[in-house]
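A short worksheet on the structure shown next.
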Amino acid sequence: MVDVVVLALGEGTDCACEGGASCAQPDPVSSAQSFASACGTRTPILACRDALRTASAQVETVVAHTDAEIDAALKALPDARLVVATAADGQLRAVMRRLVRLYAPAPSKRALSEDVIPDDRTLPDLPPVGILPLGPDSTDLVTRLGLPRAPADVAAAVLGGNTRRLDLLRNDGGGVTLDGVLVGGVDASGSASTFLARVEVDDAVLADGTEPVLMSVVANASRYSTVDGLPLVLSPSMEDGVLDVAVAVPRASRSLFRRPRVEIEVRRAHGRAVAITPRAEIPFVDDGGEGTLTRKRSWWMERAAWAVYVP
């Protein structure tokens with residue numbers, strides 16, 4: 001019987017694979033050595049595997065190139081514990097998206113689900129995850145959460161069984177967000193640019209769609225709390241059960257004896273859900289993965305829905 005599954009995403013599966021998008025499908029890789037090389041590095045993965053085996057754990061190493069292969073690995077849960085070897089936060093998000101799909105019942109079946117679902121959530125508690133960074137700067141989320149980075153320490157945390165529950169954002173495109181979303185800020189050429197969009201947080205309207213917006217942030221954690229030196233959201237937390245939203249609006253400041261200058265007004269709100277309705281296509285970055293917002297998109301809070309292993 002397998003005690004721990006160590007899962008990583010192959011080169012054909014990256015952080016852009018979300019919201020129902022299909023991943024590239026290279027030939028499957030099954031051996032531990034091929035598994036490690038497919039993920040771009042072998043040392044952290046093999047070191048973690050060896051530390052687990054030294055503690056007498058039965059370990060299975062898996063590389064997944066497709067959603068179906070991720071799903072197959074996740075079926076070992078909850079009997080086995082999971083370690084996700086990740087080179088970027090977006091790769092962890094890709095695994096969490098599949099985990100949510102595996103455990104979240106359809107809306108019509110929530111009342112019949114055998115799992116206990118809190119009144120303010122749409123899914124039950126997800127199984128905890130161990131996060132194994134594949135480099136010193138491979139995942140910002142591990143650093144911000146203060147999680148172990150050394151393979152032996154990650155293995156010890158997973159075997160120890162202590163967990164920390166964290167908030168998760170879901171959206172109506174079928175995706176999840178662990179850290180945050182940055183909407184706008186620059187155009188396709190990389191230059192600062194404004195856009196028109198309606199931004200609503202619960203019952204509060206931060207932008208009505210008629211005034212130019214420089215950027216907007218939907219935050220579960222602090223990745224996009226400050227952008228280019230501009231403070232947007234203040235002290236976001238993955239453990240407070242609310243999402244934080246900010247909208248930066250340029251304003252012309254005029255005075256009698258000085259030339260007009262542009263100042264940035266930042267409007268902030270927090271709540272359970274946010275909806276952004278663009279008037280035209282807007283670039284965005286979600287947990288480091290780039291995309292384009294073409295229609296109304298809603299994100300909502302899933303309080304304490306997922307968990308990580310901690311020392």
Fill in: With sequence neighbours excluded, residues passing salt bridge (charged side-chain N to carboxylate O under 4.0 Å, His left out) with Glu265
Arg251, Arg267
Worksheet item: Under 3.5 Å, is there a donor-acceptor pair linking the side chains of Arg170 and Thr122?
Response: yes
Item to complete: Return the set of residues passing salt bridge (charged side-chain N to carboxylate O under 4.0 Å, His left out) with Arg272 (not counting sequence neighbours), or none when no residue passes.
Response: none
Discussion item. Do Arg223 and Asp140 make a side-chain contact, defined as non-hydrogen atoms from C-beta onward lying under 4.5 Å apart?
Written reply: yes
Worksheet item: With Val266, which of Leu230, Val247, Val217, Leu234 fulfils side-chain contact (heavy atoms from CB on, under 4.5 Å)?
Response: Leu230
Worksheet item: Does any N or O in the side chain of Asp50 come within less than 3.5 Å of the main-chain N or O of Arg53, such that one atom is a donor and the other an acceptor?
Response: no
Discussion item. Looking at every non-hydrogen atom in both residues, tell me the closest pair between Asp202 and Gly271 and how far apart they are.
Written reply: OD2-CA, 3.2 Å
Discussion item. Is the shortest side-chain heavy-atom distance between Met215 and Leu182 below 4.5 Å?
Written reply: yes
Discussion item. Quick check on the hydrophobic clustering: are Val84 and Val2 connected, directly or via other members, by side-chain heavy-atom contacts under 4.5 Å?
Written reply: yes
Worksheet item: To the nearest 0.5 Å, how far apart are CG in Leu232 and OG in Ser225?
Response: 7.5 Å
Worksheet item: Are side-chain heavy atoms of Val181 and Tyr224 found at a separation under 4.5 Å?
Response: no
Item to complete: Report the C-alpha distance between Arg303 and Asp120 in whole Å, list the side-chain angles of each, state the deciding distance to 0.1 Å, and finish with yes or no for salt bridge (charged side-chain N to carboxylate O under 4.0 Å, His left out).
Response: CA-CA 8 Å; Arg303 176 190 53 81; Asp120 59 348; 2.8 Å; yes
Discussion item. Quick one, Thr143 with Arg149, criterion side chain to side chain donor-acceptor pair (under 3.5 Å). Give me CA distance, side-chain angles, the key distance, then yes/no.
Written reply: CA-CA 8 Å; Thr143 301; Arg149 303 189 68 92; 2.9 Å; yes
Item to complete: For the residue pair Val142 and Thr86, establish whether any side-chain heavy-atom pair is separated by less than 4.5 Å.
Response: no
Fill in: Value rounded to 0.5 Å, distance of CH2 in Trp306 from CG in Leu123
13.0 Å
Worksheet item: Is the closest basic N to carboxylate O distance between Lys296 and Asp172 below 4.0 Å?
Response: no
Discussion item. Run the salt bridge (charged side-chain N to carboxylate O under 4.0 Å, His left out) test against Asp71 and tell me which residues pass, sequence neighbours left out.
Written reply: Arg98
Worksheet item: Do you reckon Val201 sits in the same ILVMFWY cluster as Val242, going by side-chain contacts under 4.5 Å, direct or chained?
Response: no
Practice prompt. Return the minimal non-hydrogen interatomic distance between Asp287 and Leu178, and the atom names on each side.
Written response: OD2-N, 2.8 Å
Fill in: ILVMFWY cluster membership beyond Met1 - transitive side-chain contacts under 4.5 angstrom
none
Worksheet entry | Any donor-acceptor N/O pair, Arg165 side chain to Ala305 backbone, under 3.5 Å | yes
Worksheet item: Taking all atoms of both residues into account, what is the closest heavy-atom pair of Ala94 and Leu9, and its distance?
Response: CB-CD1, 3.9 Å
Worksheet item: Are any side-chain N or O atoms of Arg81 and backbone N or O atoms of Val158, one a donor and one an acceptor, separated by less than 3.5 Å?
Response: yes
Worksheet item: Any chain of hydrophobic side-chain contacts (each under 4.5 Å) joining Met238 to Val129?
Response: yes
Worksheet item: Val308 versus Leu147: any side-chain heavy-atom pair under 4.5 Å?
Response: yes
Worksheet entry | Distance-minimising heavy-atom pair for Phe195 and Leu214 | CE2-O, 3.7 Å
Item to complete: Determine, step by step, whether Thr277 and Arg297 satisfy the side-chain contact (heavy atoms from CB on, under 4.5 Å) criterion, reporting the C-alpha distance in whole Å, the side-chain angles of both residues, the deciding distance to 0.1 Å, and the verdict.
Response: CA-CA 7 Å; Thr277 307; Arg297 173 60 52 87; over 6 Å; no
Practice prompt. Only pairs at least two apart or in different chains count here, so list each salt bridge (charged side-chain N to carboxylate O under 4.0 Å, His left out) that has a residue in residues 225-244.
Written response: Arg164-Glu239
Worksheet entry | Minimal non-hydrogen separation, Ala73 against Val62, with atom names | CB-CG1, 4.1 Å
Discussion item. Return the OG1 to CZ distance between Thr54 and Arg49, rounded to the nearest 0.5 Å.
Written reply: 10.0 Å
Worksheet item: Does Val227 belong to the same Ile/Leu/Val/Met/Phe/Trp/Tyr cluster as Val249, with side-chain heavy atoms less than 4.5 Å apart forming each link?
Response: no
Discussion item. Just verifying a value: how many Å separate Leu74 CG and Leu126 CG, rounded to the nearest 0.5 Å?
Written reply: 10.5 Å
Item to complete: Indicate, with yes or no, if Leu77 and Val5 share a hydrophobic cluster defined by side-chain heavy-atom contacts under 4.5 Å among Ile, Leu, Val, Met, Phe, Trp and Tyr.
Response: yes
Worksheet entry | Side chains of Pro250 and Thr194 in contact at under 4.5 Å (non-hydrogen atoms) | yes
Worksheet item: Do you know the tightest heavy-atom contact between Tyr309 and Pro128?
Response: OH-CG, 3.4 Å
Discussion item. Are the side chains of Asn220 and Pro236 in contact, using a 4.5 Å heavy-atom criterion?
Written reply: no
Worksheet item: About how many Å separate OG of Ser216 and CG of Leu293, when rounded to the nearest 0.5 Å?
Response: 10.0 Å
Fill in: Derivation and outcome, side-chain contact (heavy atoms from CB on, under 4.5 Å), residues Val245 and Leu206
CA-CA 9 Å; Val245 182; Leu206 295 185; 3.9 Å; yes
Practice prompt. Take Val310 and Thr163, measure what side-chain contact (heavy atoms from CB on, under 4.5 Å) needs, and give me the verdict at the end.
Written response: CA-CA 5 Å; Val310 296; Thr163 62; 5.7 Å; no
Discussion item. What I'd like to find out is whether the side chain of Leu168 reaches to under 4.5 Å of the side chain of Val100, using heavy atoms alone.
Written reply: yes
Practice prompt. Could you check Val176, Val218, Val274 and say which one makes a side-chain contact (heavy atoms from CB on, under 4.5 Å) with Leu169?
Written response: Val218
Response to the item:
One should read off an interatomic distance between Thr177 OG1 and Asp167 CG, to the nearest 0.5 angstrom, of 12.5 Å
Worksheet entry | Residues that Arg198 engages under salt bridge (charged side-chain N to carboxylate O under 4.0 Å, His left out), provided they are two or more places apart | Glu200
Worksheet entry | Glu69 backbone acceptor or donor facing Thr66 side chain under 3.5 Å | yes
Discussion item. Run the side-chain contact (heavy atoms from CB on, under 4.5 Å) test on Val183 and Ile276 for me, step by step, so that the C-alpha distance in whole Å, both residues' side-chain angles and the decisive distance to 0.1 Å come before the verdict.
Written reply: CA-CA 9 Å; Val183 180; Ile276 299 180; 4.0 Å; yes
